[in-house]
Asks: 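Got a structure for you, written out below as structure tokens; questions coming shortly.
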Protein chains: 4
Amino acid sequence: MSTKERREREKRQRREIIISATVELLKQEGIAGVSMDKIAEKAELSKGTLYLYFKNKEQLLSEIFWMRLNILIDKLQTIMESEGEFDELVKQVIQTVMDYFTENVDIFRFIYHSLPSSAYDFMKQIHQTVEDFKIRIQEMSNKFYRRFDEGQFYIKTEYLQTVLRGLIWGFLTEKFFGQSEIELDSDLIYRIFSRGVLK
Amino acid sequence: MSTKERREREKRQRREIIISATVELLKQEGIAGVSMDKIAEKAELSKGTLYLYFKNKEQLLSEIFWMRLNILIDKLQTIMESEGEFDELVKQVIQTVMDYFTENVDIFRFIYHSLPSSAYDFMKQIHQTVEDFKIRIQEMSNKFYRRFDEGQFYIKTEYLQTVLRGLIWGFLTEKFFGQSEIELDSDLIYRIFSRGVLK
Amino acid sequence: MSTKERREREKRQRREIIISATVELLKQEGIAGVSMDKIAEKAELSKGTLYLYFKNKEQLLSEIFWMRLNILIDKLQTIMESEGEFDELVKQVIQTVMDYFTENVDIFRFIYHSLPSSAYDFMKQIHQTVEDFKIRIQEMSNKFYRRFDEGQFYIKTEYLQTVLRGLIWGFLTEKFFGQSEIELDSDLIYRIFSRGVLK
Amino acid sequence: MSTKERREREKRQRREIIISATVELLKQEGIAGVSMDKIAEKAELSKGTLYLYFKNKEQLLSEIFWMRLNILIDKLQTIMESEGEFDELVKQVIQTVMDYFTENVDIFRFIYHSLPSSAYDFMKQIHQTVEDFKIRIQEMSNKFYRRFDEGQFYIKTEYLQTVLRGLIWGFLTEKFFGQSEIELDSDLIYRIFSRGVLK
DNA sequence: GATGAATGAGTTTTCATTCAT
DNA sequence: CATGAATGAAAACTCATTCAT
């Protein structure tokens, strides 16, 4: 059965190659710059081969997005469901998100910009994937914040994630696309956040 | 010379018509949904005519972005250069930015999305436009924040705009693309901001 | 307005060129052999141009089929609604149908071949066009045969067209695709038909 | 030598499996709906294996057509070479043909539409197969009709099969693809035929 | 100046056939 | 022998840009 096993392995590897090539392209060029031609060229495979592994472009992309987004979901879930003080856990969340998006800038770019528009008609599935991701994160966050005494917050619990998300996004944006040299300091961000929202 | 003058006027009007049509399309469909065909149709002009007034699609779009971004720049400049207390001015900034992006959601979507990449090769100019905008805002903001006693801030002056931008972005994103019903309350945002960054 | 008129005329001519090229291809290669590339090449136009005149391949083909089928419908209608003895009119029908299909062999080939099958999924409109044609012919024929005294027919009135269609089809098939030299003699066919179905 | 024999037998069985799968597909989807992928899947064999047993798609299909057409040839030959009165034999022919095509609608659809054209370049062999079939039928028919006294026919002997083929085709077409409910009554068809062609 | 028809390179997808294992 | 992964040519369709009138 070793032949079969080898085949299986090779198949998985080939999938990986396609996925890697696509991710690389996504990181370099953003979602609008990805074509099946470019993927095939980068993966050093024929265009036809891509369709052996993925039903169509949309499925390829949405699988990749889903896969990559799940990595962040898993990490955040682990933190948010673990024991610990508010400050410690929030700092971990900040650090995790920043590390993740440092590694996956293209997702950072795409993620809050995937809107149902005629331009994305041909990517309904991808849009759905991102939408599911956001809802998932929202649910996790809501549950997380509700673990703590509501009375200590200066603003409504639901707004907490809006504020933290905004702060992290601000620093990441400054870091990646801004002019000034900035360091991503989760302690600092946590301090601003906590002073802003805690009584 | 009145013929010449009329010509000039008509020329300017024609430009305006093209620009209006494009802006309308941008608001409706986002940047990816804009084609020269659609612009021509909406402007009730021929496609060829567009190329008499604008060298190519990119120049048309980048001029429009620049024009529209300048509206925000002007408003912010007026506020930031006017007399007034820190809290009053910052609240005005928050309110202005939120009003502006509520009116121009397509710009909000595009603005931090425009990156130098081969995918945007055909949009280098637009990217440059947005980049210029960001620098301009940064300069204005830096100058503005330096008007106030550095000692009162809990963080480096340069970071202030990063924090405020993030907060505003967070609330706008939640409002436009989020699940939860949220109101854009500039007072609330100011309070979070000031508690977070003021000693 | 002469420029505009000329434009209109040229546009109509170009449409004609596309249609002629397509019809020629259809006659040469049958419907399965027609591709947009071949049409463009034959019409000495670019592929893109075809899409200025016809929304897509299906629309182009179904318009052509409809146009050409209507020619036969009109001819038959004229005959079937005109005054005259049974024998005279039926002979005219036979002659007309044979002349028409001699000129339009590809339609003869396609016409009873257009079936709702997965292979023709991408041609639903064409199939519909042919289906409409058949129904139209059937209605006309039924009405025509009912004009005559039912008592003189040896078989049910509804079957008359089945028999005549079969006879004509048989001779046409023999002529076009058969081995033996055969002449399309409408008198002979009428005699066989009338002997077969008249008391 | 029993190994060799077993091999031979297995080989023959494998061929059978491929053929059955293809025939099933042909009946379900028509010739245009048959792909090597689908055949391989239905036969539960690999695509490569198909090419061990058949040089290419065309050869596979033409062999299948030939095989299936021979079934009809054999049946007709048996009838046409048997003793019997004209009416009895012709009725048997009619019934046989109708039964056969009721069972093999895909062949009925394809058979008189396979023409030598560039569209069928990749099917030259299939076309040849069908052509051979037609010639074979023609020869048999001619021989059959010549057994009877030429004087009793109202038309040339060679035309008899043209007429009968047309009549049968007309009724089958009406039955399979027409609007009206029709029954395939070989007696009726024979009566129309005989009245039409016999003195 | 204005027009709008024409272009052609680019996009996604399918499928008969080949070939290393 | 059998496999099935890989190929690549071909298909339909889009859209920024050009150019004769």
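Here is the naming used below: chain letters follow the sequence lines, and residue numbers restart at 1 for every chain. Keep in mind the model is a prediction, meaning the values are calculated, not measured.
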Asks: By nearest nucleotide on DNA chain F, pick out whichever of B/Lys55 and C/Ser35 is the more 5' one.
Replies: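 The 5'-side residue here is C/Ser35.
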
Asks: Atom NZ of B/Lys57 to atom P of F/dA16: distance rounded to whole Å?
Replies: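 Answer to the nearest Å: 4 Å.
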
Asks: Test of understanding: with side chain to side chain donor-acceptor pair (under 3.5 Å), list the residues that count as partners of C/Ser46, not counting sequence neighbours.
Replies: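 For C/Ser46 the side chain to side chain donor-acceptor pair (under 3.5 Å) partners, ignoring immediate neighbours, are C/Thr49.
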
Asks: Can you give the dot-bracket line for DNA chain E, where a pair is Watson-Crick or G-U wobble with both atom distances under 3.5 Å, crossing pairs use [ ], and | marks a partner on another strand?
Replies: .||||||||||||||||||||

Asks: Is it true that atom CD of B/Glu41 has more than 12 heavy atoms of other residues, nucleotides or ligands lying nearer than 6.0 Å?
Replies: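 No, the 6.0 Å shell around CD holds no more than 12 heavy atoms from other groups.
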
Asks: To the nearest angstrom, how far is D/Leu60 atom CG from E/dT17 atom C1'?
Replies: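 Roughly 14 Å, once rounded to whole Å.
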
Asks: Which whole-number value in Å describes the distance from C/Glu41 CD to E/dT7 C1'?
Replies: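 The distance from CD of C/Glu41 to C1' of E/dT7 comes to 16 Å, rounded to the nearest Å.
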
Asks: Applying side-chain contact (heavy atoms from CB on, under 4.5 Å), can you list everything that pairs with B/Ser35, at least two apart in sequence or on another chain?
Replies: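 Counting only residues at least two positions away or on another chain, B/Ser35 forms a side-chain contact (heavy atoms from CB on, under 4.5 Å) with B/Asp37, B/Lys38.
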
Asks: Restricting to pairs with a member in residues 8-65 of chain C, which pass ring pair (Phe, Tyr, Trp, His ring centres under 6.0 Å), not counting sequence neighbours?
Replies: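 Residue pairs passing ring pair (Phe, Tyr, Trp, His ring centres under 6.0 Å), neighbours aside: C/Phe65-C/Phe110.
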
Asks: Among the candidates E/dT11, F/dT17, F/dA12, find the nucleotide nearest to the side-chain atoms of C/Met36.
Replies: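 When the side chain of C/Met36 is considered, F/dA12 is the closest of E/dT11, F/dT17, F/dA12.
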
Asks: To the nearest Å, give me how far apart CG (D/Asn56) and C1' (E/dT18) are.
Replies: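 Whole-Å distance recorded here is 13 Å.
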
Asks: Give the rounded distance in Å between these two atoms: CZ of C/Arg6 and P of E/dT3.
Replies: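 These atoms are roughly 16 Å apart.
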
Asks: If I compare all heavy atoms of C/Ile31 with all of C/Leu26, which pair ends up nearest, and what's the gap?
Replies: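 In terms of heavy atoms, the two residues are closest at CA-CD2, 3.6 Å.
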
Asks: Could you identify which residues of residues 10-26 of chain D place a heavy atom less than 4.0 Å from some atom of DNA chain F, listed by residue number, or say none?
Replies: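 Contacting residues: D/Lys11, D/Arg14.
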
Asks: Under the side-chain contact (heavy atoms from CB on, under 4.5 Å) test, which residues partner B/Gln13, sequence neighbours left out?
Replies: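 Only B/Arg9, B/Glu10 meet the side-chain contact (heavy atoms from CB on, under 4.5 Å) criterion with B/Gln13.
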
Asks: Starting at atom CD of B/Gln59, determine the distance to atom P of F/dA16, rounded to an integer number of angstrom.
Replies: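 Whole-Å distance recorded here is 16 Å.
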
Asks: Within residues 45-54 of chain B, which residues have any heavy atom lying less than 4.0 Å from an atom of DNA chain E?
Replies: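 Listed by number, they are B/Leu45, B/Ser46, B/Lys47, B/Gly48, B/Thr49, B/Leu52, B/Tyr53.
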
Asks: Please state how far atom CD in D/Glu29 lies from atom C1' in E/dT14, giving the value in whole angstrom units.
Replies: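 Between C1' of E/dT14 and CD of D/Glu29: 15 Å.
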
Asks: Quick one: side chain to side chain donor-acceptor pair (under 3.5 Å) partners of B/Arg15, sequence neighbours excluded?
Replies: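 B/Glu63.
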
Asks: Do C/Leu60 and C/Lys55 make a side-chain contact, defined as non-hydrogen atoms from C-beta onward lying under 4.5 Å apart?
Replies: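 Of all side-chain heavy-atom pairs linking C/Lys55 with C/Leu60, none is under 4.5 Å.
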
Asks: Which part of the nucleic acid, if any, lies within contact of A/Asp37, taking any heavy atom under 4.0 Å across all strands shown: a base, the sugar-phosphate backbone alone, or nothing?
Replies: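 The residue A/Asp37 makes base contact.
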
Asks: Kindly write out the residues that satisfy side chain to side chain donor-acceptor pair (under 3.5 Å) with B/Glu8, not counting sequence neighbours, or none if the list is empty.
Replies: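 For B/Glu8 there are no side chain to side chain donor-acceptor pair (under 3.5 Å) partners, ignoring immediate neighbours.
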
Asks: Mind checking side-chain contact (heavy atoms from CB on, under 4.5 Å) for C/Lys27 and listing every partner two or more places apart, or none if nothing turns up?
Replies: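 So C/Lys27 forms a side-chain contact (heavy atoms from CB on, under 4.5 Å) with C/Val23, C/Arg68, C/Glu103, C/Asn104, C/Asp106.
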
Asks: Among residues at least two apart in sequence or on other chains, which ones pass side chain to side chain donor-acceptor pair (under 3.5 Å) with C/Asp132?
Replies: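 Residues passing side chain to side chain donor-acceptor pair (under 3.5 Å) with C/Asp132: C/Gln128.
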
Asks: Without decimals, in angstroms, what is the distance between C/Arg9 CZ and E/dA5 P?
Replies: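 From C/Arg9 CZ to E/dA5 P: 15 Å.
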
